[in-house]
**Student:** 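Handing you a structure now.
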Amino acid sequence: MTAVDDLAVHRGAELAARAAAVLRGNDTGVMVRAAPDLYPHQWSWDAAFVSVGLAHLDPDRACAELDHLFTGQWRTGMLPHIVFDPDEHDYSPGPERWGCAELTADAPVVPRTSGICQPPVHALAVERVVTLAGRRGPAAAARVRAWLPGAYRRLLAWHRYLVRERDPRGTGLLTIHHGWESGMDNSPRWDEPWSRVAVDPDLPPYRRRDTRIVRDASQRPTRLEYDRYLTGVEELRRARYDDARISATASFLTTDVLASAVLAAASGALAGIARGLGAAEVAELEEHAERFRAGVAGSVDAELGLALDTDLRTGEPLRVETVAGFAPLLCGGLGTAAEREMVALLRSERWTGHPGLRHAVLPSTSPAAPEFRPRAYWRGPSWPVVTWLFVWLLERRGRTDVAAPLRRALLDELAGGSFAEYHEPLTGEPLGSADQSWTAAAALDLLLSC
Ligand code: 9WN
C-alpha cells in the first residue's frame with residue numbers, strides 16, 4: 001500500500017466514523033429521524049435506506065428500525081410515508097392534519113401516520129441487511145434469520161397492497177396519489193399535473209417548518225406549491241384514504257416509473273427471500289417482478305430516451321428529463337441495444353458527462369433541460385441517496401461497469417463530510433438539511449461494502 005492509499009483509507013475510516021455518529025445522533029432510541037431538525041419523524045423510504053447503514057454497525061438495530069416502521073403499517077398492507085414521533089409536535093403537516101385514524105379504520109391509532117406511501121425500497125433493504133449480518137458472524141446472522149419470517153409477512157402484505165390497489169389493471173406501472181409519494185416532492189415531473197390542481201379556497205391555515213429551518217427559500221418548494229400539496233391532502237382526506245375513491249376523485253393521479261422500477265427490483269429481492277424461507281409465494285413475486293419490469297421498459301420515450309410517467313387525468317406522458325427516466329437501469333427489462341443507448345445517455349453531456357458538473361453524479365433534473373434549477377428542491381440538485389440507489393441496484397444487476405464511475409464520483413461528493421440532503425450540482429455546495437440520515441447511510445454503505 002502506498003502512502004496515498006494509506007491516506008485514502010484513513011480518510012475513509014474517518015468519514016465512516018462521522019457517518020456512524022450522524023446515525024447515532026439522529027436516533028431517538030426507537031427510530032432514526034430522517035434529519036435532525038428538518039424531518040423529525042420516521043419516513044418510509046428513509047428508514048429502509050437507514051437500515052442498510054445501521055446494518056454495517058449493528059444488524060439488530062437495523063431490524064428494529066424496520067420493525068418500528070412496520071408498526072405503522074395499515075390494515076390494507078400500505079406502509080405509510082411517515083410514522084410520527086408522538087413527542088414531536090412542531091411538524092407540518094402533522095398527524096392531526098392527516099387525520100388518518102379518525103377517517104379510516106385501515107390506519108393504526110398508535111402510532112400516528114400519514115395517509116400516503118413512498119417508493120417500496122424495503123425488500124431490497126432487507127435483502128442487504130441479511131447479507132451484511134452474514135458478514136458479521138454466525139450469531140448476528142442467526143438473529144437476523146430469526147427475525148426474517150416476520151419481516152417477510154409484512155413485506156408481502158406491502159407488495160400485495162401495491163399490486164392490488166396501485167395497479168388494479170395489471171399494467172406494470174404504479175399509480176401515485178400525491179407527488180410526495182414519489183419521494184421527489186416537487187420534481188418537474190409533477191408540474192403539469194399540479195398545475196391543474198386549484199388551491200382549495202377553504203384550505204385550513206398551516207405553518208411550515210421547512211422554511212424556518214432552511215432559511216434560503218430558493219432551496220425549498222414555493223408557497224403556491226405547498227398550497228397545492230396541502231390541497232392534495234385535503235382531497236385524500238375527503239376520500240377517507242380509500243384507494244378506489246381516490247382514483248375516482250383526486251385531481252393529482254399519475255404513474256411513477258421510478259417507484260415501479262423499485263417495485264420490480266424489490267419483488268425480485270422478496271422472491272429470493274421467499275425462496276430461502278421455503279414460502280409459497282415465490283412464483284407470485286416473480287410474476288410481479290416481471291410485470292413491473294415490462295411496464296417500466298414500455299414507458300421509454302423514443303425521442304427523449306428516458307422512461308416517462310403518465311398523467312392519468314389526461315392520459316399524456318410527462319415529458320421532462322429527470323433522473324427518474326433512468327428507472328429501467330434499476331430493474332432491467334430493456335433489450336441489450338436499448339440498455340446500451342440508455343447508458344450512453346447517462347454518460348452524455350445531458351447527464352453525468354455535463355462539463356459544468358462538480359461531480360459526475362446524477363442530478364435530479366438534466367442540466368441541459370429547460371426545467372433545470374441547480375438549487376431548487378428536486379429541480380436540479382443531486383441527491384446522494386439517489387446516486388447510491390443507482391450504484392446499488394446497478395451492482396445488484398451485475399452492471400458494475402456503469403456503477404463504478406458513479407460510485408467514485410459519489411464518494412468524492414460525500415468527502416466534505418456534511419452529509420447534506422442534496423448538493424448544488426455545478427458547485428458541489430451542500431444544501432438542504434445537514435446530517436441527513438440517509439446520506440450518512442449511503443456513505444457507510446459505500447465506504448464499508450467495497
Ligand atoms: C415530505 C424525508 C423526506 C424524504 C422525501 C423528500 C422530503 C418531505 C418534505 O423529505 O419530503 O414528505 O418535507 O419535503 O422529498 O423523499 O423521504 O427525508
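When a ligand or atom number is given, it counts from 1 through the structure's own listing order.
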**Student:** Does at least one non-hydrogen atom of Asp210 fall below 4.0 angstrom from an atom of ligand 1?
**Tutor:** no

**Student:** Among all protein heavy atoms, pick out the one at the shortest distance from atom 1 (C) of ligand 1; state its residue, atom name and that distance to 0.1 Å.
**Tutor:** Asp185 OD2, 3.4 Å

**Student:** So, for Trp388 and Trp392, is the gap between ring centers shorter than 6.0 Å?
**Tutor:** yes

**Student:** Which atoms of ligand 1 have any heavy atom of Ala34 under 4.0 Å away?
**Tutor:** 2 (C), 18 (O)

**Student:** I need the single residue from Arg196, Glu235, Arg228 that forms a side chain to side chain donor-acceptor pair (under 3.5 Å) with Ser251. Which is it?
**Tutor:** Glu235

**Student:** When you compare ligand 1 with Ile82, is there at least one nitrogen or oxygen pair between them that comes in under 3.5 angstrom?
**Tutor:** no

**Student:** Looking only at heavy atoms of Met184, does any of them come nearer than 4.0 Å to an atom of ligand 1?
**Tutor:** no

**Student:** N/O to N/O below 3.5 Å, does that happen between Trp43 and ligand 1?
**Tutor:** yes

**Student:** Any heavy-atom pair between the side chains of Gln219 and Tyr422 that's under 4.5 Å?
**Tutor:** yes

**Student:** Nearest non-hydrogen atom to atom 13 (O) of ligand 1 belongs to which of Arg220, Arg209, Gln436?
**Tutor:** Arg220

**Student:** Where is the tightest heavy-atom contact between Ala409 and His359, given as atom of each residue plus distance?
**Tutor:** O-CB, 4.0 Å

**Student:** Report the nearest protein non-hydrogen atom to atom 5 (C) of ligand 1: residue, atom name, distance rounded to 0.1 Å.
**Tutor:** Gly183 O, 3.6 Å

**Student:** Is the shortest distance from a heavy atom of Tyr91 to ligand 1 less than 4.0 Å?
**Tutor:** yes

**Student:** Are the charged groups of Arg358 and Glu424 less than 4.0 angstrom apart, N to O?
**Tutor:** no

**Student:** State whether Asp256 and Arg189 are salt-bridged, where the test is any N-O pair (Lys NZ or Arg NE/NH1/NH2 against Asp/Glu carboxylate O) under 4.0 Å.
**Tutor:** yes

**Student:** Ring centres under 6.0 Å, that's the criterion: do Trp383 and Phe49 meet it?
**Tutor:** no

**Student:** Does an N or O from Glu421, backbone or side chain, lie closer than 3.5 Å to an N or O of ligand 1?
**Tutor:** no

